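Below you'll find the structure, written out as structure tokens, and then a few comments.
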Amino acid sequence: MKLPWRSIRLLQRAVHLWLFGYLLSTLPGAERLWLHPAVQPLPTPPGGLAPLTHAFGMWLPVGFAWVAVLIVMVLALRSVVRPSRWWLTAVEWVLFSSLVNLTWLGSTGGHQLIANVLFWMIFLPSEETDVPGAAVPPVRVLHVAAFWIIRLQLLLAYAVTGIQKLAGGHWLAGDAVGIVATDAAYGPAWLAGMPWLAAVVNYGALLFQLTFPLAVWWRPTRHWWMAMGVVFHLATGLVFDIVDMGLAFLVVYPAWFRTGEELQRSPSLAVQR
Amino acid sequence: MSARNARVLVVLFVAAHLSLLLAYTLPRAFVPDRVFFWSQRYARPLFYQQWNLFAPDPRPCDLRVEVELPDGTWRPLTSADDNYVYRRMARPLSGLVAADVEQGDTVLMPRLSAILRSMARGTGGERAGSRFRLVQRCIADPARPLERVGTTVELHLSKP
């Protein structure tokens, strides 16, 4: 029941850095996003847990949003340079999830991914811990389960995105990228002028998303698919104006980095506390 | 707890969570009703996520909501100068407006109407009696997506 500590620490740093960078990038538009939001919160979902993810409009005034942004930025920056604390991550998760739901029209799958990963990061250890002896404390079960859920959440996102496309007709026919490229909100329209290239991108994207879970699970192909992921997310991010979404996926990649696994297999290299 | 029991517990917990997430996010037709019901109950409150960007098919029409300025010209609700997150809001908003129009509603839902008014305020277009319209450019043949047919629908907002 060992955990790849270095990968965990890198994941924590990367996700917190994304949080800080994303919220910083929204500050030029703070007037209409956070100070006087043009879009009011959605009705809250049923259930007693809604106050945790839909704080604004329930128990926090919408006017508090900009304060929440600053709090999350400070906490995120702190967790980049210092070990994460579970209760600080919990505060970040409540505020960030509520901010995502406040700006629901501008949020993407990347924000949902980070909100989910942040939730499970509450249960990750804040420092490297060894479990001596045969007995495993219950908190260790929680640490390991949370880490594996984060890893598999990333794979699920890719797999389901691919499977969702199989349920339609245009992706299988090779027309989908041409349609997206000629949509004035996305582009680039020139891609549709070269149907063969549009078809290559169409099937390439579909194949990448469908194979990502297996390729990342299998160690020999992992780094190749991750490299393709970097190109895929940066390209789609820049073209579709969703760079924050692409980076959100990339900052979860460290959960699958090999350094931690290699370290746990060779205890002599492990960082000692 | 023994290491073996701990491992079994982790596997069961992770498998149960992932199974319910899969049932929640997979295309609706793939998931039995009862399983979908429980996945909704489990995932919706804390683990909300949707993985259907451009899926199952990309939208055949590009959509844009515009507001009439006092000088009689029309302009979109967001501009290139706006922050990228704010600018991005116009896309799903146009989709929601189009869905409302397609349903046959002659007057937009109050929530959508309020958002349109609020966003128009930033363009300088919001004033008493402001007019809004939905501009669509739709493909007729998926193999020739560059050829799009444009239509414009005047929008009628709910009273504030």
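The model shown is predicted, which means the values in this text are computed figures rather than measured ones.
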*So, Asp183(A) and Arg91(B), do they make that salt bridge, N to O below 4.0 Å?*
no

*Checking Ala184(A) against chain B: side chain, backbone, both or neither under 4.5 Å from a heavy atom?*
both

_Part of Leu166(A) within contact of chain B (heavy atom distance under 4.5 Å)_ = neither

*Student check: side-chain heavy atoms of Thr53(A) and Tyr48(B) closer than 4.5 Å*: no

*Are any non-hydrogen side-chain atoms of Leu53(B) and Thr161(A) less than 4.5 angstrom apart?*
no

*Gap separating the CG atom of Leu21(B) from the CG atom of Asn116(A), nearest 0.5 angstrom*: 7.0 Å

_Side-chain heavy-atom pair Met89(B), Thr103(A) within 4.5 angstrom cut-off_ = yes

*Is atom CZ of Arg28(B) surrounded by more than 12 heavy atoms (other residues, nucleotides or ligands) closer than 6.0 Å?*
yes

*asked:* Given heavy-atom pairs under 4.5 angstrom as the criterion, report whether the side chain, backbone, both or neither of Arg41(B) touches chain A.
replied: neither

_Under 4.5 Å from a heavy atom of chain B, the part of Ser25(A) involved_ = both

*So do Val39(A) and Leu93(B) actually touch side chain to side chain, heavy atoms under 4.5 Å?*
no

*Taking every heavy-atom pair that is under 4.5 Å apart, which of Ala173(A), Ala157(A), Ala185(A) has the most such pairs with chain B?*
Ala157(A)

_If you count heavy-atom pairs within less than 4.5 Å of chain A, which of Leu18(B), Ile139(B), Leu9(B), Asn52(B) leads?_
Leu18(B)

*asked:* Using a 6.0 Å cut-off, check whether atom CH2 of Trp66(A) has over 12 heavy atoms from anything other than its own residue.
replied: no

*Which portion of His111(A) sits near chain B, non-hydrogen atoms under 4.5 angstrom*: side chain

*Is there side-chain contact between Val10(B) and Phe147(A), with heavy atoms separated by less than 4.5 Å?*
no

*Note, His17(B) side chain near Leu152(A) side chain (heavy atom, < 4.5 Å)*: no

*asked:* So which residue, Ala29(B), Ala55(B), Cys61(B), ends up with the most heavy-atom pairs under 4.5 Å with chain A?
replied: Ala55(B)

*Distance, nearest 0.5 Å, that separates CZ of Arg32(A) from CG of Asn83(B)*: 9.5 Å

*Give, as side chain, backbone, both or neither, the part of Trp120(A) having an atom under 4.5 angstrom from any heavy atom of chain B.*
side chain

_Under a 3.5 Å distance rule, please check whether Asp57(B) uses its side chain to pair with a backbone N or O of Gly169(A) as donor and acceptor._
yes

*What's the shortest heavy-atom distance between Ala167(A) and Pro56(B), and which atoms?*
C-CB, 3.8 Å

*Side-chain contact test, heavy atoms from C-beta onward, threshold under 4.5 Å: evaluate it for Asp62(B) versus Tyr186(A) and give yes or no.*
no

*Does the Gln112(A) side chain pair with the main chain of Gln50(B), one donor and one acceptor, at a distance under 3.5 Å?*
yes

*Supply the atom-to-atom distance Leu156(A) CG to Thr25(B) OG1, rounded to the nearest 0.5 angstrom.*
4.5 Å

*Within-4.5 Å side-chain heavy-atom neighbours: Val243(A) and Tyr84(B)*: no

*asked:* I'd like to verify something: which residue of Asn101(A), Asp175(A), Leu52(A), Ile179(A) has the highest number of heavy-atom pairs under 4.5 Å with chain B?
replied: Ile179(A)

*What pair of heavy atoms forms the shortest contact from Ser118(B) to Pro37(A), and how long is it?*
OG-O, 4.4 Å

*asked:* Report which part of Pro43(A) has an atom under 4.5 Å of a heavy atom belonging to chain B: side chain, backbone, both, or neither.
replied: both

*Under the 3.5 angstrom rule, does the side chain of Asn5(B) hit a backbone N or O of Val136(A) as a donor-acceptor pair?*
no

*For Leu172(A), is it the side chain, the backbone, both or neither that has a heavy atom under 4.5 Å from a heavy atom of chain B?*
neither

*What is the distance from atom CG of Leu142(A) to atom CZ of Phe13(B), rounded to the nearest 0.5 Å?*
7.0 Å

*asked:* So does Arg111(B) get a backbone contact from the side chain of Gln40(A), meaning a donor-acceptor N/O pair under 3.5 Å?
replied: no

*CH2/Trp93(A) to CG/Leu46(B) distance, rounded to the nearest 0.5 angstrom?*
4.5 Å

*Closest heavy-atom contact between Asp241(A) and Arg88(B)?*
O-NH1, 3.5 Å

*Might you point out which heavy atoms bring Val141(A) and Met1(B) nearest each other, and give the distance in Å?*
CG2-SD, 3.9 Å

*Within the side chain of Trp171(A), is there an N or O that forms a donor-acceptor pair under 3.5 Å with the backbone of Phe54(B)?*
yes

*Quick one: closest heavy-atom pair of Ala189(A) and Leu146(B), and the distance?*
O-CD2, 3.9 Å

